[in-house]
Amino acid sequence: MPRYLLTAALPYANGPIHIGHLAGCYLPADVYHRYLKAKGEDALLICGTDEHGVAITLQARKEGVTPQELVDRNFKVIHQAFEGLGIVFTHFSRTSREIHHREAQAFFLDLYNKGFLKEKTTSQFYDPVAGTFLADRYLVGTCPHCSFDGAYGDQCEKCGTSLSPDELQYPRSVLSGSVPEKRETNNWFLPMDEMLHLPEFATYTERIARWKSNVKGQFNSWVQQGLQPRSMTRDLDWGVKVPLEGAEGKVLYVWFDAPIGYLSATKEYMDLQGNPEGWRDYWESEDSRLVHFIGKDNIVFHTLIFPMMLAAHGQMVLPWQVPANEFMNLEGRKLSTSRGWAVWLHEYLQDIPGRQDELRYTLLCNLPETKDADFSWQDYQLRVNSELVAILGNFVNRVMVLTHKLSDGHCGDLPTVEANTSHVSLELELAGTRQEILLAMEQFRLREAMAGVIHLARLGNRYLAETEPWKLLKTDSEAASRVLRLAAELCAELCIALEPFLPFTASKLSHQLQWQASAQEREAWWNPGSADSKGTVDARTRYLAQGHRLGPAALLFVPIEDELIQAQIHKLSPMNDSKLENDPKPENKSKPENTPKPDAELKPEVTYDQFAALDLRIATILSAQPVPGADKVLEIKVDLGDEQRTVVSGIAQHFQPEELVGKQVLMLTNLAPRKIRGIVSQGMLLMAENQEGQLVLVGPNGNGILPGDRVS
RNA sequence: GGCGGGGUAGCUCAGAUGGUUAGAGCGUAGGAUUCAUAACCCUAAGGUCGGCAGUUCGAUUCUGCUCCCCGCUACCA
């Protein structure tokens, strides 16, 4: 029997969890895990917070707390929110724990000792303004081969040559624009190009054919493009220390360290179970199936880099399946935490208490399994009211009420096959739907499986409509009793079927029926073939004993009122601005390898002389045109009164070129010229950024201002 | 810009190794019913399957080009 090792992407501890995270991986992981457990499989679901990386340190600095304080707080919020929604992990750890540091270092050393990590000493550039070492691509300068003044630290875009940063002439920092200092530093590289040919990895590559198209596509694309050695260490002080001599001030690259979190969390769990070697059954055993639940932004790391690390380490299983989901939008727009465009799980649980399954259901119905999906509050209301309330809740309620009317809640006999063909056709349809649910689950089509479960209740409603037990009640109470018994059996079956998806509802229903599924009953239901020969009433598994008394009827779901929806929509957009079309800086980064954004704090004070050094003037835009091969910059010609200049400005996604012509704008004129995309930019246009992240021209308000007029 | 994924009924989404009437749920309309949270049940209307070419006896399904959305990546002095 296979064992399953499920992982859900480690949530990054710089903020709480929102519905996008849930739909992307945590809810599917939880449902699949519950499904496997119900089926009687041996399965672990491992997760934990990822607490390292630059973004954490920046966020902490912004809030005026230490990184540790920040991650402590977020760990708690995240962990509690998951629990609140019934997302149950076998173990939920965190990468800041000692065991993780130890494991990550051991893993690193293992690869190091096997020769998979190649040290390179480089004169890395250090940005004295940003206070950080600069990754290769954060450097620009002149290419030594073709003299192109826009080459990056790793490659020249113009002539295609691969470069190392110290080959660059006249290097500059992309972050601050300052001239970086050269500082000696060592880093360790994973030779991904070579590792592609490891036998373990080559074997692994074959199974990718049966994966989802989005995952397959990304994987193939990377392999075909050719891989390059990638540095697995960083010059930073927050993270897992590099366990080598002379590596002070260096930590493991978060993408090296984070997936090892799956391993260290498993070990931590097994230690707590008093079974310190137990992790081997899941990580080293051939019959173990490693499944990574992730969002689409993580595909390359989970299908390429981490598997290579595992292959290099040796003896470890490589992913069996990576059912990566696309993204969940909110009311038609991308989620954006910085603009408050998100539904936060911890807030939902607080604002709408006792409605966990309503959220689980709506998200499950809309999982972005093949493409980006959309969550809207109206859809939420509609799904709850017309599906959970009207189909599922109503069916159960009808059965409960009728049974109490008929026999004070006591269950009668099961119908016989000959009694009425409605019974038989119900049985057949139930069995068919069950098979569809099972098939969908096997193929990670959770949305379809969820719909199938609701369909079971729909079949129940149809059965009641056909048999009309409320009429039989008066004419033939025996017949009524049999119909209701079968309907009650279906309620019990619903209990089992609902559990992985809507555990709170399953539990309520179970209580209401005064009945609980045994492990055998659950396993029989969830295993194909185990009960499908019992398609008729006489032979079917009986869940409820004859004469069993149901508990008092209680509503499983209550309709969502308009006011609730209005309040949530209102909360979502305090300034309901319909112009918010483009999202130039969407929040979606789960990892910190991105350019740090300037934070909201005031910068350190400057002297008057420093200010006076700036030459600020009003310019009039004469023309603006797109730059071929660049999405974000425009080539702009401006009039400064006695001269005209060309400026290359990164505003292409905020303005149409034609709408800029003739506008007056504030300009910094004595900034050092700089080539961008082969065009010399002589100065910088100054813009204001509003709360939605849109750029707005800054220009004179009064009259009589001419091009070239000074600003001071 | 490069690479990958997606664009299918009013809405949210399935599906199609190319072939008679392209599906589901919701919504809408009509009917039936009253046990039930005015819920359930039945029926119907609704789609040039992003656009333009091509291959083919036949394409929504294959090929090329193009537009739009998303991700990775590059670009923002």
Side-chain angles (χ1 to χ4, degrees), chain A residues 137 140 150 152 155 157 172 174 176-177 212-222 224-225 295-301 324 326-327 329 334 362 365-376 378-379 382-383 385-391 393-406 445 447-448 451 454-455 457-458 460-466 468-473 480 484 487 553 555-559 583-584 586 588 595 627-634 647-654 668 671-677 681-687 695:
Chain A
R137 74 172 81 107
V140 286
Y152 300 99
Q155 192 179 12
E157 292 269 297
R172 277 177 290 269
V174 171
S176 68
K212 295 174 58 173
S213 58
N214 57 346
V215 181
K216 210 186 331 185
Q218 282 248 23
F219 178 89
N220 290 334
S221 147
W222 274 73
Q224 280 163 18
Q225 276 175 44
K296 67 172 159 182
D297 53 334
N298 282 185
I299 290 174
V300 67
F301 296 98
E326 302 282 303
F327 281 175
N329 291 328
K334 283 195 278 191
T362 310
C365 287
N366 286 323
L367 285 183
E369 289 178 334
T370 58
K371 59 185 168 190
D372 287 357
D374 191 58
F375 176 95
S376 79
Q378 283 198 354
D379 181 62
L382 213 52
R383 298 208 100 104
N385 292 357
S386 64
E387 294 170 27
L388 291 182
V389 173
I391 309 283
N394 187 37
F395 169 65
V396 171
N397 189 237
R398 296 170 84 179
V399 176
M400 296 298 296
V401 169
L402 281 167
T403 305
H404 278 284
K405 264 185 195 168
L406 172 70
R445 302 197 309 246
R447 198 169 49 190
E448 189 182 326
I454 293 301
H455 189 69
R458 189 169 265 122
N461 277 319
R462 190 180 304 167
Y463 176 63
L464 292 184
E466 281 171 12
E468 300 184 302
W470 50 92
K471 282 184 180 167
L472 295 174
L473 218 57
L484 290 176
L555 299 181
L556 289 178
F557 300 99
V558 181
D583 250 35
N588 51 40
T595 309
V627 177
D631 286 355
K632 296 188 181 173
V633 293
L634 292 177
V647 174
V648 180
S649 184
I651 58 173
Q653 300 193 334
H654 299 269
L668 176 62
L671 186 65
R674 161 85 188 289
K675 263 192 197 175
I676 298 163
R677 286 273 163 184
S681 180
Q682 307 161 296
M684 180 167 176
L685 303 185
L686 305 185
M687 306 271 161
L695 297 183

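Chain A is the first sequence line, chain B the second, and so forth, proteins listed ahead of strands; every chain is numbered from 1.
- Taking atom C1' on both B:G47 and B:U12, the two are 15 Å apart, rounded to the nearest angstrom.
- Applying the salt bridge (charged side-chain N to carboxylate O under 4.0 Å, His left out) criterion to A:Glu369, with sequence neighbours excluded, gives no partner residue.
- Pairing for B:C72 is with B:G2, a Watson-Crick or G-U wobble pair whose two hydrogen-bonding atom distances lie under 3.5 Å.
- Counting any heavy atom pair closer than 4.0 Å across all strands shown, A:Leu382 reaches sugar-phosphate atoms only and no base atom.
- Here the side chain of A:Pro559 is nearest to one of B:C72, B:U37, B:C13, namely B:U37.
- The CG atom of A:Leu382 lies 11.0 Å from the CG atom of A:Leu388; values are rounded to the nearest 0.5 Å.
- The pair A:Lys371-A:Glu326 does not count as a salt bridge, with every side-chain nitrogen at least 4.0 angstrom from each carboxylate oxygen.
- Residue contacts shown for A:Gly295 are absent, as no nucleic acid heavy atom lies under 4.0 Å away.
- A:Glu387 comes within 4.0 angstrom of the backbone, heavy atoms only, and of no base.
- For the pair A:Lys471 and B:C35, the criterion of a side-chain N or O lying under 4.0 Å from OP1 or OP2 is not met.
- Taking atom CH2 of residue A:Trp222 and atom P of nucleotide B:U73, one finds them 7 Å apart after rounding to whole Å.
- Checked by atom type and distance alone, the side chain of A:Ser681 never pairs as donor or acceptor with a backbone atom of A:Val647 at under 3.5 Å.
- Atom CE in A:Met684 sits roughly 11 Å away from atom P in B:C76 (whole-Å rounding).
- For B:C49 and B:A22, the P atoms lie 11 Å apart once the distance is rounded to whole Å.
- Taking atom C1' on both nucleotides, B:C35 is separated from B:A39 by 11 Å, rounded to a whole Å.
- Between the CZ atom of A:Phe375 and the C1' atom of B:U12 there is a distance of 13 Å, rounded to whole Å.
- The salt bridge (charged side-chain N to carboxylate O under 4.0 Å, His left out) test applied to A:Lys471 returns A:Glu468, not counting sequence neighbours.
- When the P atom is compared between B:U8 and B:U60, the two are found 16 Å apart, to the nearest whole Å.
- At distances below 3.5 Å, at least one donor-acceptor pair connects side-chain atoms of A:Asn214 with backbone N or O atoms of A:Ala324.
- Separating the CG atom of A:Leu473 from the P atom of B:A36 is a distance of 11 Å, rounded to the nearest angstrom.
- Within the nucleic acid shown, A:Ala373 comes within 4.0 Å of sugar-phosphate atoms alone, with no base atom in reach, counting heavy atoms only.
- Among the protein residues, A:Leu556 comes within range of the nucleic acid bases, having at least one heavy atom under 4.0 Å from a base atom.
- Under the Watson-Crick or G-U wobble criterion, with both distances below 3.5 Å, B:A44 is paired with B:U28.
- Contact annotation for A:Val399: no contact, since no heavy-atom pair falls under 4.0 Å across all strands.
- Using a 4.0 Å heavy-atom distance criterion, A:Lys216 is classed as making no nucleic acid contact.
- Here B:C35 presents its P atom at 13 Å from CG of A:Leu484, a figure rounded to the nearest Å.
- Counting to the nearest Å, the P atom of B:A32 and the CH2 atom of A:Trp470 are 16 Å from each other.
- Comparing A:Lys405 and A:Gly683 by the nucleotide of RNA chain B that holds the closest heavy atom to each, the one mapping nearer the 5' end is A:Lys405.
- Place A:His455 and A:Leu388 on RNA chain B by their nearest nucleotides, and A:His455 ends up nearer the 5' end.
- By the salt bridge (charged side-chain N to carboxylate O under 4.0 Å, His left out) test, A:Arg458 pairs with no residue at all, sequence neighbours left out.
- Among the nucleotides B:C13, B:U34, B:A77, the one closest to the side chain of A:Ser681 is B:A77.
- As rounded to the nearest Å, B:G6 and B:G64 have P atoms that lie 15 Å from one another.
- B:A38 and B:U43 have their P atoms separated by 24 Å, given to the nearest Å.
- Partners of A:Arg462 by salt bridge (charged side-chain N to carboxylate O under 4.0 Å, His left out), not counting sequence neighbours, listed by chain and number: A:Glu429.
- For B:C52, the paired nucleotide is B:G64, the pair qualifying as Watson-Crick or G-U wobble because both relevant distances are below 3.5 Å.
- Remark: the separation of the P atoms in B:A59 and B:U20 is 12 Å, to the nearest Å.
- Relative to the ring axis of A:Phe327, A:Lys334 does not place its NZ or CZ within 45° and under 6.0 Å from the centre.
- Comparing the P positions of B:U73 and B:A16 gives a spacing of 32 Å, expressed to the nearest Å.
- Within 4.0 Å (heavy atoms only), A:Phe219 reaches no atom of the nucleic acid at all.
- Not one N or O on the side chain of A:Arg383 forms a donor-acceptor pair closer than 3.5 Å with the backbone of A:Thr362.
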Please write out each protein N/O paired with an N/O of nucleotides 38-42 of chain B under 3.5 Å, distance rounded to 0.1 Å.
unit_1 : atom_1 : unit_2   : atom_2 : d
B:A39  : O2'    : A:Ala390 : O      : 3.4
B:A39  : O2'    : A:Asn394 : ND2    : 2.9
B:C40  : O4'    : A:Asn394 : ND2    : 3.4
B:C40  : O2'    : A:Arg398 : NH1    : 2.5
B:C40  : O2'    : A:Asn461 : OD1    : 3.4
B:C42  : OP1    : A:Arg462 : NE     : 2.8
B:C42  : OP1    : A:Arg462 : NH2    : 3.4

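- Remark: C1' of B:U34 and CG of A:Leu402 are 11 Å apart, rounded to the nearest angstrom.
- With B:G71, B:C13, B:A77 as the choices, the nucleotide that has an atom nearest any side-chain atom of A:Arg447 turns out to be B:C13.
- Nucleotide B:G46 is shown with a syn base, its glycosidic torsion being within 90° of 0.
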Protein and nucleotides 5-11 of chain B: nitrogen or oxygen contacts under 3.5 angstrom:
unit_1 : atom_1 : unit_2   : atom_2 : d
B:G7   : O5'    : A:Lys371 : NZ     : 3.4

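- Rounding to the nearest 0.5 Å places CG of A:Leu402 at 7.0 Å from CG of A:Leu464.
- When atom types are taken as modelled, the side chain of A:Asn461 and the backbone of A:Ile391 share a donor-acceptor pair closer than 3.5 angstrom.
- One interatomic measurement links the two molecules: CD1 of A:Ile454 to P of B:A24, which rounds to 18 Å at whole-angstrom precision.
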